[in-house]
Amino acid sequence: MLKASEAIQIVQGRLSERRFQHSLNVAQLAAELAVSFGVDSEKAFLVGILHDYAKDLNGDELLLIAEDNGLIDNEVERQAPDLLHAPVGALLIEKELGIKDTEILRAVRVHTLGSVKMSILDKIIFLADMIEPDRKAYPDLERLRQLSRSSLDEAMLLGLESTIRYCLDRRMILHPHTVSVRNVFLQKVAGL
Ligand SMILES: [Fe+2]
Ligand SMILES: [Fe+2]
């Protein structure tokens, strides 16, 4: 496994200072959550550092890489190419850093839209990304921080609903996948 210190150096060289700090925050929080939910905290730290590996690529670059590698899943991604930084990031850390661990690659790939089947690590990264200490305040943030300590599934449901509400309030494009994943977590939490 790539050493955390190496990953930190690599990511620091690719991302703006603000995004690098965000990645460190996500890594630290993901490692803490991993300990409390009984998964590999070193791996969680590494995924946190790497999760936004492709975040500083612009929309055209993301689209080009995604198209070349068959990563476009829905037309919405052409209109909001920033969504592609997650699957493109997973592709690039495999190609450029030689990461083969499928748990790491998947957690990076699903960190913005989630997935209908998410591992504990996937959920931890998704949530740590939304609640890390430097996140600007938003309506569900404090509740989401509390829930992330007690129930990952309930926190995922709120995190997804918060994202959907955010998009609706601002008339931003909403990826249909977010709705499917929200429904899956609603079923889990509400036992529907
Ligand atoms: Fe991201
Ligand atoms: Fe992030």
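Just follow the structure's listing: the first ligand is 1, and inside any ligand the first atom is 1. Every value quoted in this text rests on a predicted model; they were computed, and no experiment measured them.
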Item to check | G159 to L144 - nearest heavy-atom pair and separation | outcome: N-CD1, 3.6 Å

Checklist entry - Measuring from N25:CG to D134:CG, what's the distance to the nearest 0.5 Å? => result 4.5 Å

Next on the checklist: Ignoring hydrogens and geometry beyond distance, is a side-chain donor-acceptor pair present between D122 and S119 at under 3.5 Å?
Outcome noted: yes

Item to check | Row check, Y138 ring normal vs R135 NZ/CZ: under 6.0 Å, within 45° | outcome: no

Item to check | Metal environment of the Fe ion (ligand 2), protein N/O/S under 2.8 Å | outcome: H22 NE2, H51 NE2, D52 OD2, D129 OD1

Item to check | F126 six-ring centre to K123 NZ/CZ under 6.0 Å and within 45° of normal | outcome: no

Item to check | Pair E96 + R14: basic N to acidic O under 4.0 Å | outcome: yes

